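Below is one structure, written out as structure tokens; comments come after it.
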Amino acid sequence: MSAEQQHRDGQAADPGPRSLAQALRERDDASLGALLRSRPDLLHPVPTDVTQLATRAGTRASVLRALEHLDRFALQAAEALAVAPDPASYQELLDLLAGDDGDEEVAGALPATVALLRERALVWGGEDRLRLVRTARELLAPSASHSSPTGLGPSVAEATSGMSPGRIQAILTAAGLPHTHDTVSAVAALSGLFADRERVAELLEGAPEASREVLTRLVWGPPYGQVTAEPAAHLRWLLDRGLLLPTTPGTVVLPREAALSLRGGRAHRVPEPTRPRVAVAAERKPQVVDAAAGGQALAALDTVEELLRSWDEGGPAVLRAGGLSIRDLKRTATVLEVPEPVAAFWVELAYAAGLIASDGGYVEEHHDRHDRPDADAEGYEDEEIRDARTRRRSGEAEHYAPTPEYDAWRDLPPAERWAWLLEAWLPGTRAPGLIGGRDGRDRTLSALGPGLDRSPAPEVRRRVLELMAGLEPGQAPDPATLLERLRWERPLRSAGPRREQPEPPRTGVRPAYGGGVAANDPEALRTKLTEWALLEAEMLGVTGRGALATHGRALLGAEGRSEGAGAGTAPAGSARAAVVAALLAPLLPEPLDHVLLQADLTAVAPGPLVRPLAEALGVLADVESKGGATVYRFTPGSVRRALDAGRSATELHAFLDRHSRTPVPQPLTYLIDDVARRHGLLRVGAASSYVRCDDESVLDEILADRRATALRLRRLAPTVVAAQADPRTLIEGLRAMGFAPAAESAEGDVMIARPHAHRTPPRTPPAPVPDGPPAPDATLLTAAVRAVRAGDRAATAPRKETPQAPGGLPRTSPADTLATVQAAAMTGESVWIGHVNAEGAASQRLLAPLRVEGGYVTGYDHTADEVRTYALHRITGVAELADEPDGAEPAR
């Protein structure tokens with residue numbers, strides 16, 4: 001038995017419900033919960049009854065959101081219903097999608113698609129009376145200004161609505177049809193002619209070749225064309241026979257019935273009932289994929305640490321409009337040794353993870369006061385705002401810097417630090433790839449600045465990983481087919497007909513990161529988001545060599561913190577982060593406590609170093625190259641930096657001897673001793689500044705050097721020279737001359753130059769900007785369905801006639817009200833009451849009174865589905881029920 005036959009056999013013979021509200025009322029609780037789960041915007045606030053739910057489900061905003069979450073075939077079915085008669089039968093819908101020749105794939109997929117449209121309350125009605133909700137029909141049907149997304153135009157009846165009866169009769173004559181006595185029958189005859197495939201073919205046998213070419217251009221849309229006041233002969237032939245009908249002066253349209261006949265009955269050129277398959281571009285061993293992803297994860301951690309370390313003493317200034325300047329982004333890219341778009345990604349990731357922020361204020365533009373729960377109770381965010389205002393009034397510039405969370409993150413094991421970053425990346429709505437592009441006002445989008453949130457980003461990111469997880473371990477997807485699959489799952493509608501998209505080239509070469517995208521091009525944005533998701537996953541180590549790693553699959557498994565979680569909870573503490581960290585940890589090498597010193601004044605770290613060793617070596621030497629092994633180079637400047645930090649030559653020798661697996665080379669020993677011997681020989685203090693040295697010949701040499709002219713030196717004593725420059729400038733000038741001065745305090749002690757870490761006040765990471773309300777959990781769905789059912793029972797319960805107060809409330813005297821509720825409490829019956837609360841809001845309640853005492857009545861409120869107490873003086877009146885409402889029972 002065919003799928004459509006099974007579908008027809010499973011449908012009732014009756015015409016079905018008369019309205020969407022009745023259709024929803026006939027559903028069971030599971031089906032109603034499925035509707036609220038698929039359209040969560042209907043839950044905010046929870047509807048009071050089914051009628052309000054149906055009304056809300058038909059609003060323009062809700063229908064638009066529901067249509068945008070349909071796959072391509074479901075959207076094609078909705079578009080076909082929009083050009084079909086209202087109501088349409090299932091067979092008419094099938095004919096529009098499968099055409100005259102039929103299509104087994106369409107016939108097999110259509111029953112499930114119709115069920116999906118019904119579940120989402122976009123279609124209702126029985127088997128022979130399928131109705132698209134009115135708002136969806138208005139959105140998808142053709143109008144006088146644009147065609148349907150199917151490329152079909154208005155029907156004959158719609159196109160001839162303003163045409164004179166004489167003109168219509170003339171068209172009948174030219175088409176070979178007999179005259180009629182009225183316009184309605186004439187339009188029906190013309191519609192019947194165009195709907196008959198054989199008669200249309202006979203009519204076109206005598207058409208000029210140029211006329212047939214015009215129809216060929218218009219048949220798949222758009223169906224509108226321009227004509228002059230004196231159309232050519234081949235156009236006149238079509239106009240005379242109604243194959244082209246005028247809509248506005250100078251504009252003609254191909255009627256819908258004629259277009260369907262020329263199309264062979266199809267509403268779409270290519271129905272797409274089957275989801276595209278994601279092709280495999282390469283297949284590798286899962287162990288190789290995991291190893292590559294682990295190495296990339298380690299490199300990601302090193303990059304983020306290098307970024308935060310470079311901003312440890314205070315990062316770049318915050319622009320007036322928010323964000324980093326182009327110059328500061330270039331400097332950051334130079335420090336990280338990556339292109340600027342990639343540097344912007346790492347900056348945004350650290351920002352999303354709560355590791356960096358502005359030190360002067362609350363810079364997240366989407367955090368308004370009403371969006372911050374308990375702001376008044378806790379007060380910390382108001383303190384941030386006051387701090388920012390104070391800094392602005394004083395003229396003090398704001399800078400980006402690490403947050404206190406950075407210190408907690410830095411002390412975690414590497415796998416947990418990586419999981420922390422992933423917990424920020426996966427639900428994040430900021431799109432770093434947009435940086436460098438232009439917004440809707442033609443302003444440049446900057447890193448950490450406003451305007452980077454894109455609501456579809458987390459959905460696209462997660463779906464990309466889910467599709468990759470659907471492949472076998474070690475298989476890398478073809479990006480082109482992956483993108484085509486996402487386009488099928490979330491086709492974007494437009495005002496005009498959706499045109500065929502050329503197939504993207506399948507070269508296997510991935511695009512460069514970044515580049516921006518037009519602000520008004522959602523199709524290009526979704527394409528870019530997909531490409532960026534693939535590249536970001538590879539940079540982070542979620543994938544390895546193009547395939548999803550084992551720990552990447554775990555991101556889609558165990559549930560972590562909610563995607564909108566606020567501050568105060570470390571992401572690494574979530575269940576998902578713990579699972580991911582446990583899977584990644586074996587892939588990361590253990591930190592080493594040693595290096596290999598070489599005779600060319602370099603040290604090789606064959607792997608990641610323990611933190612104390614890495615920090616100490618970072619002061620004593622400069623990083624020359626990174627990779628699987630890090631190469632450090634010792635220079636006079638780097639050694640002097642260590643001496644400035646308070647280390648002595650003896651301590652440096654002991655440090656190298658303790659942490660080197662090879663003997664300390666003699667050139668390195670000489671280098672340290674030579675720099676230490678000269679270090680501190682000169683003393684610089686504040687005069688403006690001065691130079692003090694026990695060796696008079698050294699001061700003589702300085703004063704004789706022409707490079708010291710800019711310092712404006714003057715000898716005060718045999719061992720003291722004063723300068724008209726600040727101490728920092730004086731030290732830098734002497735070092736440029738080849739000396740190694742040391743700074744001196746007011747007491748004459750050598751000042752140790754240690755870096756002072758700069759931290760922002762406690763900051764909350766930016767919350768994602770979701771695409772609509774979050775998906776409801778099972779508890780909320782159960783409570784919502786229960787409340788809707790209770791409100792519906794109350795709203796539909798019959799009642800006896802009673803005087804009505806303004807607003808429709810029952811109206812009785814206080815004595816009658818008291819007597820009626822007392823009687824209902826004794827008999828266990830339910831009554832209608834009109835109630836006005838303390839704020840003056842009036843409502844009707846279906847109440848089963850339990851007791852009446854002390855001026856209050858307590859009973860089971862079927863409208864709220866709970867026991868409540870009402871003050872008698874706030875009850876406007878009582879009405880008895882005509883019959884016991886279905887399902888209403890006295891409170892127990």
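On a predicted model such as this, the values are computed, not experimentally measured, just so you know.
Counting only distance, with no hydrogens or angles, the side chain of Thr113 and the backbone of Ala109 share a donor-acceptor pair below 3.5 Å. Distance alone, capped at 3.5 Å, places no donor-acceptor pair between the Ser62 side chain and the Thr59 backbone. Under the 3.5 Å distance criterion, the side-chain polar atoms of Arg454 are left unmatched by any main-chain donor or acceptor of Arg430. Looking at Arg284, its side chain never comes within 3.5 Å of a backbone N or O of Val289 through a donor-acceptor pair. Looking only at distances, a side-chain donor or acceptor of Ser261 sits under 3.5 Å from a matching main-chain atom of Phe194. Judged by distance alone, the side chain of Arg263 and the main-chain N or O of Ala267 form a donor-acceptor pair under 3.5 Å. No donor-acceptor pair closer than 3.5 Å links the side chain of Glu538 to the backbone N or O of Leu535. The main-chain N or O of Trp425 is found under 3.5 Å from a side-chain atom of Arg461 such that the two form a donor-acceptor pair. Checked by atom type and distance alone, the side chain of His551 never pairs as donor or acceptor with a backbone atom of Thr543 at under 3.5 Å. Counting only distance, with no hydrogens or angles, the side chain of Gln76 and the backbone of Glu272 share a donor-acceptor pair below 3.5 Å.
Residues Leu254 and Leu215 have side chains in contact (heavy-atom distance under 4.5 Å, counting atoms from C-beta outward). With a 4.5 Å cut-off on side-chain heavy atoms, Thr429 and Ser455 do not count as touching. With contacts defined as side-chain heavy-atom distances shorter than 4.5 Å, the pair Leu67/Leu139 qualifies. Residues Ile435 and Pro341 are not in side-chain contact: their nearest non-hydrogen atoms beyond the backbone lie 4.5 Å or more apart. The closest side-chain heavy-atom distance from Tyr90 to Leu110 is below 4.5 Å. At a threshold of 4.5 Å between non-hydrogen side-chain atoms, the residues Leu465 and Leu548 count as touching. Side-chain contact between Leu471 and Pro477 is present, with heavy atoms from C-beta onward closer than 4.5 Å. Here the side chains of Thr216 and Leu262 are not in contact, with every heavy-atom distance at 4.5 Å or above.
Rounding to the nearest 0.5 Å places CG of Leu64 at 9.0 Å from OG1 of Thr135. Interatomic distance, Arg545 CZ to Glu283 CD, rounded to the nearest 0.5 Å: 12.5 Å. With rounding to the nearest 0.5 angstrom, the CD atom of Glu536 is 10.0 Å from the CD atom of Glu348. Taking CG of Leu467 as the reference point, atom CZ of Arg462 lies at 12.5 Å (rounded to 0.5 Å).
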| task | Apply salt bridge (Lys or Arg N to Asp or Glu O under 4.0 Å) to Glu459 and Arg490, showing your working. | result | CA-CA 11 Å; Glu459 177 193 355; Arg490 288 290 184 271; 3.0 Å; yes
| Can you list the steps and then say if Leu53 with Leu36 is a side chain to side chain contact (heavy atoms under 4.5 Å, CB included)? | CA-CA 10 Å; Leu53 174 63; Leu36 297 176; 3.9 Å; yes
| query | Run the side chain to side chain contact (heavy atoms under 4.5 Å, CB included) check on Leu43 and Leu781 step by step: do they pass? | reply | CA-CA 9 Å; Leu43 274 173; Leu781 284 177; 4.1 Å; yes
| Does the side chain to side chain contact (heavy atoms under 4.5 Å, CB included) test come out yes or no for Gln91 and Asp128, once each step is laid out? | CA-CA 8 Å; Gln91 186 60 46; Asp128 296 325; over 6 Å; no
| field | Evaluation steps, side chain to side chain contact (heavy atoms under 4.5 Å, CB included), between Leu70 and Leu117 | value | CA-CA 9 Å; Leu70 295 177; Leu117 294 174; 3.9 Å; yes
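When only modelled atom types and interatomic distance are considered, Thr782 and Thr779 share no side-chain donor-acceptor pair under 3.5 Å. Arg129 and Ser89 share no side-chain donor-acceptor pair at under 3.5 Å.
Partners of Asp442 under the side-chain hydrogen bond (donor to acceptor under 3.5 Å, both in side chains) rule, at least two apart in sequence or in another chain, are Arg438. Applying the side-chain contact (heavy atoms from CB on, under 4.5 Å) rule to Asp103 yields the partners Ala98, Glu105, Val106, Arg266; only residues at least two apart in sequence or on another chain are considered. Contacts of Arg212 classified as salt bridge (Lys or Arg N to Asp or Glu O under 4.0 Å), with partners at least two apart in sequence or in another chain: Glu209. Glu257 meets the salt bridge (Lys or Arg N to Asp or Glu O under 4.0 Å) test with no other residue; sequence neighbours excluded. Residues satisfying the side-chain hydrogen bond (donor to acceptor under 3.5 Å, both in side chains) test with Arg18, not counting sequence neighbours, are none. Under the side-chain hydrogen bond (donor to acceptor under 3.5 Å, both in side chains) criterion, Glu138 pairs with Arg134, not counting sequence neighbours. In this structure, the side-chain contact (heavy atoms from CB on, under 4.5 Å) partners of Ala34, at least two apart in sequence or on a different chain, are Arg37, Glu119. Among residues two or more places apart in sequence or in another chain, the side-chain contact (heavy atoms from CB on, under 4.5 Å) test is passed with Thr530 by Val460, Val464, Leu483, Leu486. Arg256 pairs by the side-chain hydrogen bond (donor to acceptor under 3.5 Å, both in side chains) definition with Glu158, not counting sequence neighbours. The salt bridge (Lys or Arg N to Asp or Glu O under 4.0 Å) test applied to Arg131 returns Asp86, not counting sequence neighbours. Residues meeting the salt bridge (Lys or Arg N to Asp or Glu O under 4.0 Å) test with Asp41, sequence neighbours left out: none. Residues that satisfy the side-chain contact (heavy atoms from CB on, under 4.5 Å) test with Ser19, not counting sequence neighbours, are Ala21, Gln22.
With respect to Arg72 and Glu484, a salt bridge is recorded, a charged nitrogen being found less than 4.0 Å from a carboxylate O. Look at Arg485 and Glu489 and you find a salt bridge, because one of the NZ, NE, NH1 or NH2 atoms lies within 4.0 Å of a carboxylate O, short of that distance. Under the 4.0 Å criterion applied to side-chain N and carboxylate O atoms, Glu68 and Arg65 are not assigned as salt-bridge partners.
At least one cation-pi condition fails for Arg118 and Trp124: the charged atom is not both under 6.0 angstrom from the six-membered ring centre and inside a 45 degree cone around its axis.
Heavy atoms of other residues, nucleotides or ligands lying less than 6.0 angstrom from CD of Glu26 number more than 12. Other residues, nucleotides and ligands contribute over 12 non-hydrogen atoms within 6.0 Å of the CG atom of Asp28.
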